[in-house]
Each structure stands twice: as structure tokens, then as C-alpha cells.
Amino acid sequence: MRRAALVRLGVWAALAAGPAALLTGWSRPAPAGPAQLAPAARPPALSAPSGNQGAAGFAELFLSVWLRSGTGEQTPATRTLKTMAPAVQPPVWGKTPVAVDELVAVRTVPAGNGAWTVTVAAEMPDTAGERGSEVAGVRYFAVPVILTEQRGTKTDAWSFTAGSPSEVVGPTVAQLPDSPFTTTVTEQPLADSVAGFLTAYLCSEGGAERYLAPRTVLPPLSPATYLTVETRRILADRPARDHKPSPDGVRIQVRADVVATDAAGRRWPLAYALTLTARAGRWEIAALDSGPAAPKPASTTAS
């Protein structure tokens, strides 16, 4: 009993000190932590969530309630806030309530004894102007959260509570790594194969099969919602043969930037990374790769 009381006292002391006492700098890596498996005898409804996932979800919910409780009136949000975190004061918006489009927990750092500091990104369109090197319209709040598990003889229970949030500096926009796609492709038939495949893939439910290499299987994009596809640029990871394909079996990777237009006239800028292989005098699609890196401005032309 005495030991449990001391643990609770230490946790609440950290919470009372505010998020600054718990917040860890962005440069410190956040350990994932092992998942906590529920005992077989525990009822599913009372299964405790994995620590950092549960804390992140609760922090998102808490911050949403806190931001909606600033009207100065007794609303469902103010009553919920009082239940979730009785010691936390609601904001006061006056005649200008804040608008929040989305909340996402972006970082969860353990602080010991069941305490976590969760940094939540809030997309707030009324945030005007640039905020240094951060993304305009996105603000970050650190929320201290405590997870308590109570283990009994028949069932286990768990509970959360949160402390007052504090606005903090978020991550800066990272620089993209160097792209392997450095040479511009303008020669046929490589450019034709890429453009023809993407037009067939995006504009028709089927029809892209004729561009695929043998034993390459690619499910059709269904429904195919685009009417036209304009190929803006194709970059390769190395020079391609000029005006004629390479010997059979030679492979090349490309990134294609296209603009697809749907039936409503909306234009969608899209990027695809493809692996092509040469066979029988033409280039065929061997793979639709994931995550095409954004290239720097190209300075040379494939030949």
C-alpha cells in the first residue's frame, strides 16, 4: 500500500509540473515499447491498451474536447472535459472560437510510472502566416497523460487522465534525400511505354495488361475515375538507349510525373515509380514500385 501511494505521488508530481517536465526534445528517439498482452482471463471489454497507443489515442480525444470547451457555456464538451480531467481549465475563446480540421498524435514519449507525453498536431486553418520553419496552419500541443492499471482477483481495470496541454515547437520540414532519378527520358520507345501504361492503368478498368512483362500481375485500378492522363516528365535512374530498346533482360527504373483529369474536371498531380525490362524490341512494365522519391531538377538527358 505504501509503495503504491509513493508511485502515485511521484506520477502526480510530474503531472503537476506540466508538460515541460515530461516533454522530451524532438531529437530524442521515441522507443516503441513492447506490446502488453492481455491475460487470457481478462474480459475483452477491460483489456488494457498498449501503453503508447492508448496514451496517443486518449491525448487526441482529450485535446479535441479541450479545444471545443472554450465557449464559456455548459456544453457537452465542457462536461466531458470535467469528467476526463477535472483539474484542467478550459480555454476561453470569447466571440472567436478556434476551428480545428484534424488532430493527429505524432510523437509519444514515456516519462515513467505510467506517464506519457504525447505531442498532438492540430490542423487549424485560422492560423495565419508562416510559423518559422514549421508548416503553416499546423500547431503542436504536448499533452501529459497517465495510464493506470488496477489488477484484481477476477478482472483488471485501466484508466487514463491528462494534464493541461502546452503549445510546443513542432518538427521542421525535412530535406528530401537525393533521388536516384536524375536523367530526363524523352526517347522512344521508353517514354511511349511509360505514358501508354499509365494512361491505360488510370483511365480504364483493364487494358494495362498489354504493357506488362511476362509473369507480372497488377490488379486494375477500380473504379478508374480519370478521363485523361498528361505525362509531364519522366526521369530515369540511368541513361536509356536512344531510339531503340536495350538488349533483352536489361532493367531500368523511372519516375513519371503525370496530371490525371477526372470526370468533374479536377486535375490530380500524381507520381509513379516503375521498373521496366527490355524484351523483343520494346520496354515492358515489370513492377509498379512504391514511394517514388522526389527528384532534384534534372540536368542531363537520357540517351
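Although no hydrogens or angles enter the test, the distance criterion places no donor-acceptor pair under 3.5 Å between the side chain of T199 and the main chain of G196. Between the side chain of S64 and the backbone N or O of E60 there is no donor-acceptor pair closer than 3.5 Å.
F58 and F160 have parallel rings, their planes meeting at less than 30° on a 0 to 90° scale where 60° marks the start of perpendicular.
For W268, the CH2 atom counts as loosely surrounded, since its 6.0 Å shell holds 12 or fewer non-hydrogen atoms of other residues, nucleotides or ligands.
A donor-acceptor pair shorter than 3.5 Å cannot be found between the side chains of R79 and T83.
No side-chain heavy atom of T117 sits under 4.5 Å from any side-chain heavy atom of V143.
Salt-bridge formation is detected for the pair D257/R233: a Lys NZ or Arg NE/NH1/NH2 atom is positioned less than 4.0 Å from an Asp or Glu carboxylate oxygen. Under 4.0 Å is where a charged nitrogen must lie from a carboxylate oxygen, and between R139 and E123 no such pair does.
With F62 as reference, V88 is the one residue of T80, T161, L67, V88 to meet the side chain to side chain contact (heavy atoms under 4.5 Å, CB included) rule.
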Problem set entry | L235/T183 under side chain to side chain contact (heavy atoms under 4.5 Å, CB included): CA gap, chis, key distance, verdict | CA-CA 5 Å; L235 299 176; T183 57; over 6 Å; no
Exercise. Does the side chain to side chain contact (heavy atoms under 4.5 Å, CB included) test come out yes or no for M124 and V98, once each step is laid out?
Worked result: CA-CA 7 Å; M124 307 174 75; V98 299; 3.9 Å; yes
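To the nearest 0.5 Å, atoms OG1 (T225) and CG (L202) are separated by 8.0 Å.
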